[in-house]
Amino acid sequence: MPYYANIAVSILFDGLAYAMFLFIVSVGLSVTMGLMGFVNLAHGAFAMAGGYVVVSLTRSLGIGFVPALVIAAFAVGAVSVVFERGLYRRLYKATDLEQVLLTIGLAFMAIATATYFYGPIPKSVPLPEWLQGDINLGFRSFPSYRAFLIVLGAVLIAVLWYAFERTNIGAKIRAAVDNRRMAESVGINVDLLFTLTFAVGSGLAALGGGLAIQLFGLSPSFAVLYLVLFLIVVAVGGLGSFKGTLLAALVLGIIDTAGKYLYADAGGFFVYAITVAVLLVKPAGFYGRE
Amino acid sequence: MAASETINPQRKQARERAAAHLLSRHHFHWAEALPWVIAIAAFYVFPDRMTFGNQVLVMVLFALSLDLILGYAGIVTLGHAAFFGLGAYTVGLGAARLGWTEPISGLFAAALISAFAGLITGWFLLRYRGLTLLMLTLATAIMLQEAGNLRSDFSGGYDGLPGLEFKPLFGVFGYDLYGRTNYVYALVVLAVVFYFVRRIVYSPFGQALTGIRENVRRMHAIGSPVHRRLVTVYTIAAGIAGIAGALFTQTNAYVTLTVFDFENSAKVMVMLILGGTGRLYGAFIGAVVYMVLEDHLSKLSPTFWQFGIGLLLVLAVLFARRGLLGLLEDAGKYLKKKKVQS
């Protein structure tokens, strides 16, 4: 294969895997922010918590990687309900600033707790054999783990799309994002809906956190380091928009990967430049409501 | 005029009291001397901790600049470190690459460059609100950091510009090992800037800012040029943050790209919230309390300190939304009430 085509395929493949990770973590954040307008800077902390649950389950209890991912998602989703009911609920009507401060505070506490129990050194996770090495697709081989990530992401997108666009609960969520007051007055219990989406969103974030260990390594600073990217995906995609989050994750994931392949010195510059460009033209993101 | 002559005396009295309050609220209260007395006393009581004291003063100045836009105009930004960093690098690069080591002209240059950046970015960004504004301000700061990293041959990158040397102040006051000159220098700069900020806050312009914070729609409705006012105060605050950054570089004699960090933006916001927003002296109390706590607790255990600051933030949002000064005020009111009752 010619040199440039080879690089283009690599960028597309790695970018796609990265985009799937971004999407899995950000979609829940987008929907909860769209529903309640709640600025949740602790979302990265839920992802980090998921990562550490996976590390503990695989390293200490010897549970397989995939079952550990599932358990982490459910466990973190369940725990997040406690936070939503106990803390977040009090601040739905508060200002952006107060929400930002509360959730930054929670993120700091999460980072400190993780450092206390796991130490600041990045952790890795033992993978099953079928996720190690490369997979040959005929014209060239790809790392199995990234292929797994892309397939898993595609399946999740299909499932979430079905739940969001074709089920009764999905219709209710869309109605509440569009117009919360109207939805409440036709008898939709938006509070309950919010708790549900919050739990699902946090669970997905935990899943994303578990998946990220192999890609980036897991250290306590994960909670803030990648948070900016999740928020950017949400802002660029448009609050509460499924389509928008997917599109933003793909665009940003592939551009970031391309930037790092072709122009390594610039680091994350391209992602932020694209973000500023998109938001200046469309302040509410690709599919957001003005 | 006829109508005003026929109003009843009680209303007239109330009106006069309100006018007197408006006319006198910018007068200096005796308690306002307190922080300055303490700052001067610290110079004599802790002569060997002046390097730390100087860092506190720089953060007070930085928090004060944030108070102008966050506390008075109600602009929530996650990228205020951009202007601090620009100021820091104006002086740093000036000294390292151009040999411009005169400190006071350096401060002015830093203020001008940061203010110009504030004008340009503010002009574009202040049309937006909520999450969009948060992301755009954050992205601005990170882009500056990435740009610095891209040209690390010029900026020194994350290794920084170490060992900068500046000329003595006015060509007379050299730098001593204990940082006493620096402390006095920072204190004088802070006092001058503070006087300027205080004038702004109590001017009609400052009133218009408070109006925008409280109710944007009404300010639009009465014909106030909202966007122009916001850009103006953003520019001023950016300039002040630039001065704080320049002081930081001059007094530490080094600077690295970490000044642009999100953590730096978040830290100054935490300080301001802790002290209390929209009340000038919140910046003083918040920065002092935060820095002293950090100095003591992070020596014990950085993890413990980070947990503590997170907990403090959560508690502040839930129970003390007006900061430590707000709590003091509440306590004062409560005591007064008790006195009246008994």
Side-chain angles (χ1 to χ4, degrees), chain A residues 33 37-39 41-42 45 87 90-91 94-117 119-120 220-221 224-225 227-228 231-232 234-236 239 259 263 265-277 279-280 282-285 288, chain B residues 70-71 74-78 121 124-125 127-153 157 213 261-263 265-267 269-270 272-274 277 301-318 321:
Chain A
M33 281 173 108
F38 196 96
V39 184
L41 300 189
L87 282 176
R90 293 157 174 263
L91 291 181
T95 58
D96 285 354
L97 177 66
E98 283 162 349
Q99 296 171 347
V100 163
L101 292 170
L102 177 89
T103 50
I104 283 188
L106 287 178
F108 281 175
M109 285 161 81
I111 293 174
T113 311
T115 316
Y116 182 76
F117 285 109
S221 59
V224 198
L225 212 58
L227 172 72
V228 177
L231 286 168
I232 281 178
V234 171
V236 168
L239 292 185
Y263 210 52
D265 289 341
F269 188 82
F270 295 107
V271 168
Y272 297 102
I274 292 282
T275 304
V276 169
L279 289 182
L280 286 178
K282 287 185 82 79
Chain B
L70 180 70
I75 302 167
V76 186
T77 157
L78 287 181
T121 58
F124 285 107
L125 303 192
R127 295 161 205 277
Y128 308 110
R129 280 181 301 150
L131 178 69
T132 310
L133 180 62
L134 289 178
M135 286 299 100
L136 284 171
T137 49
L138 181 61
T140 312
I142 299 181
M143 273 167 73
L144 281 171
Q145 191 176 36
E146 293 285 354
N149 192 32
L150 190 60
R151 291 301 310 276
S152 51
D153 51 328
R213 181 191 71 200
D261 270 354
F262 169 62
E263 268 102 80
S265 298
K267 188 170 148 183
M269 192 191 260
V270 170
L272 185 61
I273 300 300
L274 207 60
T277 56
S301 145
T303 314
F304 180 63
W305 159 243
Q306 193 172 33
F307 190 86
I309 198 70
L311 188 65
L312 217 56
L313 266 180
V314 172
L315 291 178
V317 173
L318 291 179
R321 294 196 183 178

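Since this is a predicted model, take the numbers as computed values, not measurements. So that the names make sense, note that chain A is the first sequence line, chain B the second, and so on, each numbered from 1.
In summary, of the residues considered (A:Leu91, A:Val100, A:Thr103, A:Leu87), a side-chain contact (heavy atoms from CB on, under 4.5 Å) with B:Val317 occurs for A:Leu91 alone.
Nearest heavy atom pair, residue A:Val276 against residue B:Ala139, reads CG2-CB, 3.8 Å.
Side-chain atoms of B:Thr303 do not come within 3.5 Å of backbone N or O of A:Tyr116 as any donor-acceptor pair.
In this structure, chain A has no heavy atom under 4.5 Å from any part of B:Leu133. Residue B:Leu318 touches chain A through its side chain alone, counting heavy-atom pairs closer than 4.5 Å. Looking at A:Val39, only its side chain comes within 4.5 Å of chain B, counting heavy atoms on both sides. Heavy atoms of B:Leu315 lying under 4.5 Å from chain A are absent altogether. For a residue to count as touching a neighbouring chain, one of its non-hydrogen atoms must lie under 4.5 Å from one of that chain's; by this rule A:Val224 touches chain B with the side chain only. For B:Phe304, no part lies under 4.5 angstrom from a heavy atom of chain A. Using a 4.5 Å cut-off between heavy atoms, A:Ala107 does not touch chain B at all.
Between B:Tyr128 and A:Leu280, some side-chain heavy-atom pair lies under the 4.5 Å cut-off. A heavy-atom distance below 4.5 Å is not found between the side chains of B:Val76 and A:Thr95. Looking at heavy atoms from C-beta onward, B:Met135 lies out of side-chain contact with A:Val236 at the 4.5 angstrom threshold.
Atom OH of A:Tyr272 and atom CD1 of B:Ile142 lie 3.5 Å apart (nearest 0.5 Å). In this structure, the separation between CD1 on A:Ile104 and CG on B:Leu78 is 6.0 Å, given to the nearest 0.5 Å. Distance check: A:Leu101 CG to B:Leu312 CG gives 11.5 Å after rounding to the nearest 0.5 Å. For the atom pair B:Leu138 CG and A:Leu227 CG, the distance stands at 8.5 Å (nearest 0.5 Å). Between B:Ile75 atom CD1 and A:Leu97 atom CG the span is 12.5 Å, to the nearest 0.5 Å. Summarising the geometry, atom CZ belonging to A:Phe269 is positioned 8.5 Å from atom CG belonging to B:Leu144; distances are rounded to the nearest 0.5 Å.
Every residue meeting the side chain to side chain contact (heavy atoms under 4.5 Å, CB included) condition with A:Met109, not counting sequence neighbours, appears here in chain and number order: B:Phe307, B:Leu311, B:Val314.
Contacts classified as salt bridge (charged side-chain N to carboxylate O under 4.0 Å, His left out) and involving residues 96-114 of chain A (residues at least two apart or in different chains) are given here: A:Glu98-B:Arg321.
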